[in-house]
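Report on the structure given below.
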Amino acid sequence: MISKRAFDVEFNVNNQEFMIAGKLRPQNEAEIEGLLQEIDKAAAQVRGTFFLNVKRLAYLNSIAFRALGRLIADLAKRRFDMQFVIVTSGVLGWPTRKFSSIAQQSFNVSIAEYDKDFYPGQSFLEDGGFIPILRTQTRLTWRHERGILPKHGLRAGMEIADICCGIGDFAMLMNREFSPARLLALDHSRSSLDYARKVAAEFGMTDIEYVHGDASGIMIDDNSFDFVTCRHSLQIFDRPELIVRELFRICKPGGRVYVTNEKISQCFGEPRGESITAAYAEVADLFAHFKMDLEFGPKSRRALADAGFDDIIIDSFTVANTDGKPEEFAEMVTAWEDVFINEMCRDRGDAPERVAMIQRGLQDHMKAALHPSGYAGWPVWAASGRKPS
Amino acid sequence: MCSERTGAIIEVSMRINDFSSEWMNCDRVSTFMARLVSQKSVDPMFHANLFSTALNELLEVVFFNHGPQGSFTCRVGRVGDVETIEIELPYDEKTLNFYTDVLKTLDRPDVEELYQASLFEAGQVDARLGLLELAVDYKAKMSVLVAADQLTLRAEIALGWVQ
Ligand SMILES: C[S@@+](CC[C@H](N)C(=O)[O-])C[C@H]1O[C@@H](n2cnc3c(N)ncnc32)[C@H](O)[C@@H]1O
């Protein structure tokens with residue numbers, strides 16, 4: 001018998017989406033007859049497009065696959081006025097390829113690989129250009145975060161997951177400072193993970209598990225970690241609630257989820273404050289064009305509350321040129337300038353005057369940082385919540 | 001033993017009747033072995049998931065097709081980039097015919113169409129489905145070695161290409 005717990009299903013009528021997660025390895029088709037009927041019933045309530053979300057379906061044997069495939073083909077034939085979209089994830093090696101064979105059977109069935117098709121800003125974040133940004137940012141935020149993390153519940157000996165870990169430097173710092181019992185770091189960018197693994201190996205850290213994954217469908221069991229972090233990332237998704245839901249799910253009851261986000265328009269500097277402020281307002285707008293909300297910081301509290309967390313704590317801190325060496329701050333802004341101007345403005349097709357105005361403001365920010373009596377800052381919001389026991 | 005050929009990493013043995021007394025054994029054995037053989041790979045979760053998916057199909061076929069008495073051994077290993085799986089099982093005439101017939105089928109040029117047909121055509125599940133899947137979807141190389149009282153089903157799969 002397949003145990004009741006081996007798979008979960010959820011039908012969201014508003015999104016017209018039926019989700020199957022977990023493991024489907026029945027001995028015969030009769031064992032999953034109930035599931036097939038539920039899908040059939042759900043599809044009957046939908047008009048237009050029916051989404052079958054299998055992003056977190058980790059295991060599927062050929063007996064179940066055959067049954068699902070035939071059901072979908074049959075539905076597609078009966079409801080030829082509708083579209084059927086199977087939402088897969090590229091994180092596992094088999095689903096997209098396998099489900100494509102179902103799509104080939106019917107004109108109104110198609111596959112959407114969630115991680116590829118739904119994240120408009122992903123191309124900027126996943127290739128190499130972002131690595132210098134992440135590296136300098138984390139170096140600067142750590143001075144603040146190291147002190148506030150215990151207040152948000154981080155202790156030595158915990159099981160920790162860092163979701164959207166980027167190049168893994170924050171994971172390495174936590175590993176060094178908080179000696180976790182387990183530390184898993186997940187990201188969707190293979191190049192960032194390769195970089196992370198290389199750096200960790202150079203430092204002789206072999207105990208961090210770097211995992212390729214999709215934060216909106218994490219292949220990890222419910223209630224797995226004491227402390228789950230997700231830094232500077234809710235702000236890059238057009239539907240951050242999907243990520244928060246996953247952070248909540250993998251966190252143990254009584255454990256905490258810690259997120260940091262920016263409100264980029266609040267970057268400041270003197271001298272030349274006006275030029276700096278004007279440029280960062282434009283930067284917020286630039287990210288919004290690619291469906292990323294770099295103004296998310298203060299919204300973190302609400303996002304955690306809506307997901308069901310309690311005991312929510314929110315802080316903000318300002319990374320400033322006066323924290324340490326001003327050159328480091330300037331280096332971070334240089335890395336920003338490179339991606340904002342050379343990739344994002346270009347891809348948006350900005351007029352030269354607009355690009356020049358943003359570039360001038362960023363350069364003024366650097367000058368403010370390096371000015372002997374200048375003051376330049378980048379505010380960050382850190383929030384955490386407890387998953388109710 | 002054929003440990004050089006299999007690059008054996010680990011094996012699990014039990015009586016075939018114990019193995020086939022519970023369906024979940026296929027899942028348990030494939031999950032357990034996949035986790036162990038994947039520990040050292042760059043992305044252990046990715047590798048374990050794929051390995052378990054392939055191994056489970058083989059085990060499910062063996063669950064339904066084996067001789068009445070004897071021992072069951074599942075051995076997995078790696079030679080270069082190729083994963084090797086060997087399953088030793090007791091056989092009778094029916095079992096032997098089943099496996100030798102399937103292997104012949106896998107060599108046919110229309111094996112892909114056969115696989116599609118067994119997936120999408122009405123009727124009972126084709127007992128060969130799991131092996132067809134391995135051959136077509138995983139490009140597994142499969143063979144059968146026959147000894148006096150045991151038959152060895154062997155699969156070689158290069159999982160690297162999937163990534
Ligand atoms: C702004 S970076 C933050 C990285 C890191 N937390 C830090 O603060 O340095 C956002 C990260 O999210 C990752 N990402 C994008 N889409 C993702 C997805 N669907 N699942 C997991 N990570 C994703 C990107 O590859 C990138 O590394």
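Convention: sequence-line order gives letters A, B, ...; per-chain numbering from 1. The structure presented is a predicted model; accordingly, all values stated were derived computationally and were not measured. Below, all heavy atoms of this structure are taken into account, side chains as well, without hydrogens, waters or symmetry copies.
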Check your understanding: What are the two closest non-hydrogen atoms of A/R66 and B/L119, and how far apart are they?
Key -> CG-O, 3.1 Å

Review point. Do A/N61 and B/E133 have side-chain heavy atoms sitting under 4.5 Å apart?
Key: no

Exercise for review: Below 4.5 Å from any heavy atom of chain A, which atoms of B/S118 appear? Answer side chain, backbone, both or neither.
Suggested key: backbone

Exercise for review: Enumerate the residue pairs fulfilling salt bridge (Lys or Arg N to Asp or Glu O under 4.0 Å) with a member in residues 110-119 of chain B, sequence neighbours excluded, ordered by first and then second residue.
Suggested key: B/R108-B/D110

Check your understanding: By a 4.5 Å heavy-atom criterion (distance strictly below it), what part of A/A73 contacts chain B: side chain, backbone, both, or neither?
Key -> neither

Check your understanding: Mind checking whether A/W94 and B/D137 have side chains closer than 4.5 Å, heavy atoms only?
Key -> no

**Study point:** Side-chain heavy-atom pair B/V42, A/R197 within 4.5 angstrom cut-off
**Key:** yes

Review point. Do B/M45 and A/I220 have side-chain heavy atoms sitting under 4.5 Å apart?
Key: yes

**Study point:** Contacts of A/F248 that satisfy ring pair (Phe, Tyr, Trp, His ring centres under 6.0 Å) - sequence neighbours left out
**Key:** A/F309

Exercise for review: Please indicate whether A/F107 has more than 12 foreign heavy atoms, meaning atoms of other residues, nucleotides or ligands, lying under 6.0 Å from its CZ.
Suggested key: yes

Exercise for review: Measure B/Q39 against the heavy atoms of chain A and call it side chain, backbone, both or neither at under 4.5 Å.
Suggested key: neither

Study note, to complete from the structure: Rounded to the nearest 0.5 Å, the CZ atom of B/F46 sits from the CZ atom of A/R190 at a distance of 5.5 Å

**Study point:** Side chain / backbone / both / neither for B/Q116 at chain A, heavy atoms under 4.5 Å
**Key:** side chain

Practice item. Find the one option among A/E209, A/E29, A/Q105 whose heavy-atom pairs under 4.5 Å with chain B are most numerous. Key: A/Q105

Review point. At a heavy-atom separation under 4.5 Å, does A/Q104 approach chain B through its side chain, its backbone, both, or neither?
Key: neither

Review point. What are the residues of residues 56-70 of chain B, in order of number, with any heavy atom under 4.5 angstrom from a heavy atom of chain A?
Key: B/N56, B/E57, B/E60, B/F63, B/F64

Revision key, fill the gap. Here the gap from B/D27 atom CG to A/Y59 atom OH, rounded to the nearest 0.5 Å, amounts to 8.0 Å

Exercise for review: Count the heavy atoms belonging to other residues, nucleotides or ligands that lie under 6.0 Å from CD of B/Q124, then report whether that count exceeds 12.
Suggested key: no

Exercise for review: Scan for ring-ring contact (aromatic ring centres under 6.0 Å, His included) pairs involving residues 83-122 of chain B, sequence neighbours excluded, and state none if there are none.
Suggested key: none

Practice item. Decide if atom CZ of B/R28 counts as having more than 12 heavy atoms of other residues, nucleotides or ligands within a radius under 6.0 Å. Key: yes

Check your understanding: How many angstroms lie between CZ in A/R25 and OG1 in B/T53, if you round to the nearest 0.5 Å?
Key -> 5.5 Å

Check your understanding: If you count the non-hydrogen atoms of other residues, nucleotides and ligands that lie under 6.0 Å from CZ in B/R35, is the total more than 12?
Key -> no

Review point. Chain B heavy atoms under 4.5 Å from A/I72: which part of the residue, side chain, backbone, both or neither?
Key: neither

Practice item. Take atom NZ of A/K252 as the centre, draw a 6.0 Å sphere, and report whether it contains more than 12 heavy atoms from other residues, nucleotides or ligands. Key: yes

